Each structure stands twice: as C-alpha cells, then as structure tokens.
Amino acid sequence: MVSVEEVTKIFPANRRSLFPSGKAGSVTAVDRVSLSVADNEIVALIGESGCGKTTLGKIMLGIIPASDGKVLFDGHRLEEFTSSGRKEYMDWRRRYQMVFQDPYSSLNPRLTVRQTLAEPFILHTGLDTASVRLKVDELIWAVGLDSGVDSCLPGELSGGQRQRVNIARALACQPRFIVCDEPLATLDASVKSQIVNLLVGIHRQYGVSYLFISHDLPAARYIADRVAVMYRGSLVETAPTELFFNRPRHPYSQILLANSHQRYRDGRLSDPSVPITHQPGSTGCKFAGQCPRAAAVCFSAQPLLIQTEPDSFLACHLPPG
Ligand SMILES: Nc1ncnc2c1ncn2[C@@H]1O[C@H](COP(=O)(O)OP(=O)(O)OP(=O)(O)O)[C@@H](O)[C@H]1O
Ligand SMILES: [Mg+2]
C-alpha cells in the first residue's frame, strides 16, 4: 500500500548531527532504503537513536521530501497527489497520518480536546456543527477517553490521555496508514500497555496499517507482523516478527536484542565514544567496525539487502548459517 524505493535523505549538517558524513556539511539520515507496508499490516521499525527512523517515517507520509528515490501509494507516485487539485490532495492527505513521539508538543496548548478533534472534520469534510460534535463524541469513546475531558486543554491531561487524543486525531478521518513514532516513549509501564492495546484494537477494528517506530522491543514484538532494523540510515534486516525475535540474523540485530534490557532501553546501543568507522559514500558495511564477525570483504564492499527467505531480507556478507 505504501512503499519507498531506494529513498535517500541528506540534511545539511547542524549541531544535532551525530555523525558528519563524508560529504562536507551534510548528514545522510536515510541511505537508499526500500520498505513497504501492506494493507492491514503492522511493521515495527527499530534501531538506535539517530539512525533515521523518524526521517524515514516522515518521508513515507510525504511530510518531508526525499533527496532521492520514490515514494509510492498503491503504486502511484507521491507527486501525483501533491500536484493534484486541492480536493484530491486533501482526500489523500487525510488517509495517511502520523502520531508523534511527544504527545504534548504535538497538541496545540490553546485548543481543548473537542476543538483539537473537531479540526480534521472541519478541514476534510463538509459536515455541519452538530454532525462534527457527534463524530468527536464517537472518537473520544473509541480511544477510551472519559467524555468529561472534552473541555480540557492538553496541559490538564495526563501523558496517557494526551497520547489518546493524538491517536484520536489521527483516526478522525478513516486513515489507512498511520506512522506511530515512538508513541510509548513518554509513558509509564501500565499506560504503555493500555496504549499498545488501544493501537491493536484500532488496527483490528478499522484495518489501519502502522509503521510502528519504537525502542520498546517487547511492544514491537507484541504488535508487529514484521520487523525492520535500521542502522545508520540503512535497513540491515527485515523479517516476520516471530522469526526475527527467535532468530535475528544480522550481527547488529543480534546485539540489539541481546542488549535490549540494558543500553538499548535508553534508545542508544553504540557507545558514542566509539569512533564512527563508516563514512557515507565510502565502501564497506557501516557496521563492520563494531561487528564481531567482520572480515576483509566487510570493509571493502557495502552489503546489499537481499532476500534470504520468503519474507526475510538481510544485508550481510557473512550471515550466520
Ligand atoms: N531537520 C534536520 N536537519 C538536520 N539533520 C537532521 C534533521 N532531522 C534529523 N536530522 C539528523 O538525521 C539523523 C536521523 O535523525 P532521526 O530523527 O530520523 O533519527 P531517529 O532514528 O528517529 O532517532 P530517535 O530514535 O532519537 O528518535 C540524525 O543524525 C539527525 O541529527
Ligand atoms: Mg525519532
């Protein structure tokens, strides 16, 4: 349904950059990534902080443009929608949504819950005020919020309630696909499981597909059909969820899972003091410098993501047998 083919995103370097690229003054945040999410599918995108997950999610929704490569919706190029008439554009836009990591900063602090949830209906539908009111009531109910919260401002809500409002807003106009960018990051454990269950329930009831970006590997395992692992801008492995968690194949995936209870919990796997050995544009595997299995070929040629099993892809010169 939504796919990217060989997309690359190069940002001008700024102080947020973790690793200056080989090209002077730029960061290759996404490096020739191909990934698709099918109708009714949930794909978890995992990888350490700064590896390009949010950037890829935004590219998949056309929120930011790719520097290179294609973004396709049902096989049609993104440009067909962005250059179409306003009605066609708005119709496409409402069906592809994003839930952002920080539920507070993504809500307008001056709008009540009801005003926030009414906005998409006003923008995308010709409904009259009474019908919008009913739709907002339905949404509040669908995401398990108390009806009394409708007059609250975001600052008066708990983190979990705010994330429910964000999810409700994304759900408003019958989306087909939602990029959930670390929707659990700011929540405590019990609220996390409530939000995961809410997302699963919405998926089952409305058939919405997700790209579920998360540092929370147990949640990714619970929710996703397929897992995609990103490392410094590149996809290194994609596989069906259970297969992946039982038998991760890329050395980076193996370390990621082994360390998931330790450093990865904070969203960072590599030690920032370890020098970055790979320079985008250079040859060789980006992970070679930290890979326990690296051989000469890993430093001289970049491995391609190739199919290893019916639904599994791996970018490694020396995969385990
Ligand atoms: N607008 C921007 N301008 C310049 N560099 C950017 C911009 N957005 C992201 N980057 C850089 O691109 C790289 C990937 O960032 P991105 O936010 O996509 O990572 P992420 O995997 O989502 O990280 P996290 O897990 O911390 O959210 C980082 O080096 C980041 O500093
Ligand atoms: Mg991010």
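Both backbone and side-chain heavy atoms feed into the values below; hydrogens, waters and symmetry mates do not. None of these values were measured; they are calculated from a predicted model. As the structure lists them, so they are numbered: ligands from 1, and atoms in each ligand from 1.
- Not a single heavy atom of Lys58 sits closer than 4.0 Å to an atom of ligand 1.
- The residue from Lys53, Lys9, Arg232 that puts a heavy atom closest to atom 25 (O) of ligand 1 is Lys53.
- Salt bridge present: Arg221 and Glu242 bring a charged side-chain N and a carboxylate O closer than 4.0 Å.
- Each of the following atoms of ligand 1 lies closer than 4.0 Å to a heavy atom of Ala29: 12 (O), 13 (C), 14 (C).
- An N or O contact shorter than 3.5 Å links Cys51 to ligand 1 by distance.
- Side chain of Ser209 to backbone of Asn40: a donor-acceptor contact under 3.5 angstrom is found.
- At a threshold of 4.0 Å, the pair Lys286-Asp31 counts as salt-bridged, since one of the basic side-chain nitrogens sits closer than that to a carboxylate oxygen.
- Taking all atoms of both residues into account, the shortest heavy-atom contact from Leu256 to Leu217 is O-CD1, 4.0 Å.
- Nearest to atom 18 (O) of ligand 1 by heavy-atom distance, out of Thr55, Ile10, Asp181, is Thr55.
- Between the side chain of Arg32 and the backbone N or O of Glu6 there is no donor-acceptor pair closer than 3.5 Å.
- Taking a 4.0 Å cut-off on heavy atoms, Gly57 fails to register as neighbouring ligand 1.
- Between Gly52 and ligand 1, at least one N/O pair is under 3.5 Å apart.
- For ligand 1, the polar-atom distance check finds an N/O of Gly50 within less than 3.5 Å of one of the ligand's N/O atoms.
- Asp137 has a carboxylate O that lies under 4.0 Å from a charged side-chain N of Arg114, or vice versa, which qualifies the two as a salt bridge.
- Its side chain within the 4.5 Å cluster rule, Leu304 clusters with Ile306 among the Ile, Leu, Val, Met, Phe, Trp and Tyr residues.
- Short contacts between ligand 1 and Pro12, defined as distances under 4.0 Å to a heavy atom of the residue, involve ligand atoms 4 (C).
- No heavy atom of Met230 sits closer than 4.0 Å to any atom of ligand 1.
- Numbered from 1 in the order shown, with element, the atoms of ligand 1 that lie under 4.0 Å from a heavy atom of His215 read 25 (O).
- Nearest heavy-atom pair, Leu199 versus Cys180, reported as atom, atom and distance to 0.1 Å: CD2-SG, 4.2 Å.
- A salt bridge links Glu309 to Arg247: at least one charged side-chain nitrogen sits closer than 4.0 Å to a carboxylate oxygen.
- The residues Glu41 and Arg226 are annotated as salt-bridged, a charged nitrogen and a carboxylate oxygen being separated by less than 4.0 angstrom.
- At a threshold of 4.0 Å, the pair Arg95-Asp74 does not count as salt-bridged, since none of the basic side-chain nitrogens sits closer than that to a carboxylate oxygen.
- Legend: protein N/O/S atoms lying under 2.8 Å from the Mg ion (ligand 2), waters omitted, number 1.
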